[in-house]
Amino acid sequence: SGKGWIGRLLARETESRESLARRAEWAVGEIRQALDWEHIIVNDRLERAVAEVSEIIDEGGERPHQPPLHDLVKLVEDLVNEADRLRHNG
């Protein structure tokens with residue numbers, strides 16, 4: 001989730017809240033562009049991401065591989081909300 005990703009980055013204490021807000025906004029832009037791609041891997045759980053990449057390779061990339069659209073919409077909503085929270089509660 002977007003909230004989980006931002007939480008992990010905050011815990012590292014390596015970036016400002018403003019920097020993390022910009023990263024979240026950048027990620028939203030990338031996700032929106034990805035809607036035109038044939039293959040989309042959401043790297044939120046390493047084992048699942050590796051399995052999905054392996055599946056694409058095994059199939060020779062012949063069929064599109066994308067998460068359900070509602071999962072991407074939810075991720076975008078989470079990231080937008082987190083960017084807003086970082087900017088206004090920072």
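Position 1 is the first residue of the sequence; numbering continues from there. Being a predicted model, the structure only gives us computed values, none of them experimental.
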Do you reckon Val80 sits in the same ILVMFWY cluster as Trp26, going by side-chain contacts under 4.5 Å, direct or chained?
no
Roughly how far, to the nearest 0.5 Å, is CG of Leu86 from CZ of Arg22?
11.0 Å
Any carboxylate oxygen within less than 4.0 angstrom of a Lys/Arg side-chain nitrogen, looking at Glu38 and Arg63?
no
Linking I/L/V/M/F/W/Y whenever their side-chain heavy atoms sit closer than 4.5 Å, directly or via other members, would Val50 and Val53 fall into one cluster?
no
Flag, side chain of Glu15 to backbone of Arg23, donor-acceptor distance under 3.5 Å
no
Without swapping roles, check the side chain of Asn81 against the backbone of Glu77 for a donor-acceptor pair under 3.5 Å.
yes
Are Leu69 and Leu35 close enough, and set up right, to give a side chain to side chain contact (heavy atoms under 4.5 Å, CB included), and what steps lead you there?
CA-CA 9 Å; Leu69 183 58; Leu35 296 175; 3.9 Å; yes
NE2-CD distance between His39 and Glu59, expressed to the nearest 0.5 angstrom:
8.5 Å
Begin from the C-alpha positions of Ile6 and Asp78 and carry the test side chain to side chain contact (heavy atoms under 4.5 Å, CB included) through to its verdict.
CA-CA 10 Å; Ile6 294 295; Asp78 284 353; over 6 Å; no
So do the side chains of Asp71 and Leu75 get within less than 4.5 Å of each other, counting heavy atoms only?
no
Minimum-distance pair of heavy atoms, taken over all atoms of Val42 and Ala49:
O-CB, 4.3 Å
Is it true that Arg87 and Glu25 make a salt bridge, defined as a side-chain N closer than 4.0 Å to a carboxylate O?
yes
Kindly compute the distance separating CZ (Arg8) from CG (Leu20), expressed to the nearest 0.5 Å.
12.0 Å
Measure across Ala27 and Leu79 and return the closest heavy-atom pair with its distance rounded to 0.1 Å.
CB-CD1, 3.8 Å
Hey, are Glu82 and Arg85 close enough for a salt bridge, meaning a charged N less than 4.0 Å from a carboxylate O?
yes
Step by step, work out the side chain to side chain contact (heavy atoms under 4.5 Å, CB included) result for Ile40 and His65.
CA-CA 6 Å; Ile40 301 172; His65 183 93; over 6 Å; no
If Ile, Leu, Val, Met, Phe, Trp and Tyr residues are connected whenever their side-chain heavy atoms lie under 4.5 Å apart, and connections chain through other members, are Ile41 and Ile31 in the same group?
no
Chi angles and distances behind the side chain to side chain contact (heavy atoms under 4.5 Å, CB included) call for Asn43, Arg48:
CA-CA 8 Å; Asn43 186 15; Arg48 183 178 72 183; over 6 Å; no
